[in-house]
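One structure is given below, encoded as structure tokens.
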2 protein chains.
Amino acid sequence: MEKQTITIYDVAREAKVSMATVSRVVNGNSNVKQETKEKVEAVINDLGYRPNAVARGLASRKTTTIGVILPDVTDHYFAELARGIDDVAQMYHYQIILANSDESKDKELQVLDNLLGKQVDGIIFMGNMINEKVRTEFDRADVPIVLAGSVDPTEKQYSVNIDYRKATAEATAQLLENGNERVALIMGPAEQAINSEYKLKGYQDAYNAHSKPVDEALIFSTDYDYQSGYQIADLVLAAKATAAVVVDDDVAAGLLNALVDSGVKVPTDFEIITNNNSRLTVMTRPQLSSITQPIYDLGAVSMRMLTKLMNLEEPDVSNIILPHGYVDRDTTQH
Amino acid sequence: MEKQTITIYDVAREAKVSMATVSRVVNGNSNVKQETKEKVEAVINDLGYRPNAVARGLASRKTTTIGVILPDVTDHYFAELARGIDDVAQMYHYQIILANSDESKDKELQVLDNLLGKQVDGIIFMGNMINEKVRTEFDRADVPIVLAGSVDPTEKQYSVNIDYRKATAEATAQLLENGNERVALIMGPAEQAINSEYKLKGYQDAYNAHSKPVDEALIFSTDYDYQSGYQIADLVLAAKATAAVVVDDDVAAGLLNALVDSGVKVPTDFEIITNNNSRLTVMTRPQLSSITQPIYDLGAVSMRMLTKLMNLEEPDVSNIILPHGYVDRDTTQH
DNA sequence: GTGAAAGCGCTAACAC
DNA sequence: GTGTTAGCGCTTTCAC
């Protein structure tokens, strides 16, 4: 607990070279004679020297640390994104400072301020809405920022997403084509752009393509959890829907169980397509058909994009769209 | 993107005071006249000054950053722990550097080295086994370390856990008392102390208390995932078990579904008690009876403990045990 | 190929 | 109550 900190200076003295040379060795700088290099490395080993990243950060103005802001690590979608980010970060020798925001503006601003104060080299932001204050802070930040699995309708930020609108349209279309006259959309809070500007529009696209009017009574907003899904089942049934596109697996599981618990036959009497293809989808009975998203990759690609930006390279595309898919299970008719 | 960094020196000049005074204001030091304080604060606002935490860290030898090492954020158990840690950390104005280790010794050592290099003020470690090398690094570290939801049989590290042995014994006893002659234990890898030294022993305790010999054929080890649970069902049935204590909810869900899918009646023909009471337990049909653990609190309490240690306070107890519970659902007979 | 020296932006004595 | 002055441990010109 009270180890004597051993510094680059100690190494220099022991190895009978200058601090500069030790620094070169530590940083893999080529301009060092092999012999000197080995001597220095030996001393480093002997002394158990470990470079102080804080001092290095101050001197070089690079911390090899990036900030990751997400609503909640406990949410599997974001945890998966975070994992993709961390793996790529480790690969490029960056560490991540993780901060939960609960989608609260205050926390987001707070955390952003902390992160910037800590001189992170970049930030990956996740969250379903980006308000003006946050956007202002983004602009003031002197480090690159990438949105992962999070949309900014203005497209002013770098981002990595899938085509939510198209994915939702496809799922809706499929249900419509299966003969359902009334397909419901069960989305998250309408204040979130990802719902109002993308998923809802995709749903409408499908109706339009089928020359059917959209019935507002078929559009529901819930929180992203199992109970919300369970509780909304009655309303969905009351709206005379015979199928639903659901934007969250927990919600879909809740809806499904409520339906099954009350005797509705799935998929014969009611069809469901959910959104994230999380492991939940194979645990329910019947198993949930789902849109598939490369969630891990969304994280990995955004981190890769950030490394480029931190390196002052301009990426080819500012708003990357990764492909999505669909997997047919037992909550849809074949 | 190319903001001019504005430093404490700029503020001092503008406010016509010394750097020391600005520092005092920023750090809430009391020894500053109200008038001076206000003047400085005004300038800070005008200039949009934001203290550089890296410089501060170098000068003060405190980074207000802690390291959090866990096997995988994607695992709900650890995500929940991490959330508890982050909430308390934020409360005490610490940020967390999060690192996934995949329980790999190499990664753990690597990450530990990075973290120590970054001069974190403390570390919270999660992982089901602690080998000698890691323990050696722990000893060499000059910052406090707390294990959260992770056991070290030597009890040499600070830690926060529940009484896994007792919890497992209780669950096993209940199943035995329900009339099951052959209760299986489905645990994780036996190399992990939490399984071999705690949960297995608890299972044995229950058999001993009932004066029954333990049949090795009833003890299974699996990975912590749904598929493993699904696949082991046949073996469990072949071993003529009529009940099982399972240490992971995903595994339990897999076992349950496999059983139900193959026509076994739960709980009449087979009873199950699982371990973490995650949201999965209410999603399966029938719903899973479970031991309950205060997972979030495990994280929160370990972070609280760490703040004390970083503050050089000696905690009352080095190995905190939080209470566990049990919730009766539909995979057990009443 | 190597060294000397000036910072990086801040805190923490210590003086006044 | 406020200012002066060393550092903190490293990187980075700039010489040689």
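Reckoned from all heavy atoms, side chains included, excluding hydrogens, waters and symmetry mates. Below, chain A is the first sequence line, B the second, and so on; all start at residue 1.
Ion pairing between a basic and an acidic side chain is recognised when a charged N comes within 4.0 Å of a carboxylate O; A/Asp86 and A/Arg83 show no such pairing. The pair A/Lys105-A/Glu191 does not count as a salt bridge, with every side-chain nitrogen at least 4.0 angstrom from each carboxylate oxygen.
Side-chain N/O atoms of A/Thr7 include none lying less than 4.0 angstrom from OP1 or OP2 on D/dG9. Contact annotation: A/Thr36 side-chain N/O to C/dT2 OP1/OP2 distance is under 4.0 Å. The phosphate of D/dG3 has OP1 or OP2 within less than 4.0 Å of a side-chain N or O from B/Thr21.
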Reading nucleotides 11-16 of chain C from 5' to 3' and marking B where a protein heavy atom lies under 4.0 Å of the base, S where only the sugar-phosphate is that close, and - otherwise, the string is BBB---
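Going from atom CG of A/Asp10 over to atom C1' of D/dC8 covers 14 Å, rounded to whole Å. Across the protein-nucleic acid pair, A/Asn52 atom CG and D/dT11 atom C1' stand 13 Å apart, rounded to whole Å. Between A/Ile44 atom CD1 and D/dC10 atom P the separation is 10 Å, expressed in whole Å. Put simply, CG on B/Leu58 is 12 Å from C1' on D/dT11, counting in whole angstrom units. Rounding to whole angstrom units, CD1 of residue A/Ile6 and C1' of D/dC10 are separated by 13 Å. Note: NZ (A/Lys16) to C1' (C/dA4) measures 19 Å, nearest angstrom. The separation between B/Arg13 atom CZ and C/dG9 atom P is 13 Å, rounded to whole Å. In this structure, B/Lys62 places its NZ atom 14 Å from P of D/dG9, rounding to the nearest Å.
Map B/Lys37 and B/Arg61 each onto its nearest nucleotide of DNA chain D; the residue landing nearer the 5' end is B/Lys37.
Taking the ring centroids of B/Tyr224 and B/Tyr77, they lie at or beyond the 6.0 Å cut-off.
For B/Val54 against A/Lys118, the heavy-atom pair with the smallest separation is CG2-O, 3.6 Å. The minimum heavy-atom distance between A/Gln90 and B/Ala99, with the atom names listed, is NE2-CB, 4.0 Å.
Heavy-atom neighbours of A/Lys37 NZ from other residues, nucleotides or ligands within 6.0 Å: at or below the threshold of 12. In the displayed structure, B/Glu35 atom CD is contacted under 6.0 Å by at most 12 heavy atoms of other residues, nucleotides or ligands.
If you check C/dG3, C/dC10, C/dG1 against the side chain of A/Lys33, the one that comes closest is C/dG1.
Residue A/Asn31 is classed as a base contact, given a heavy-atom separation below 4.0 Å to a base.
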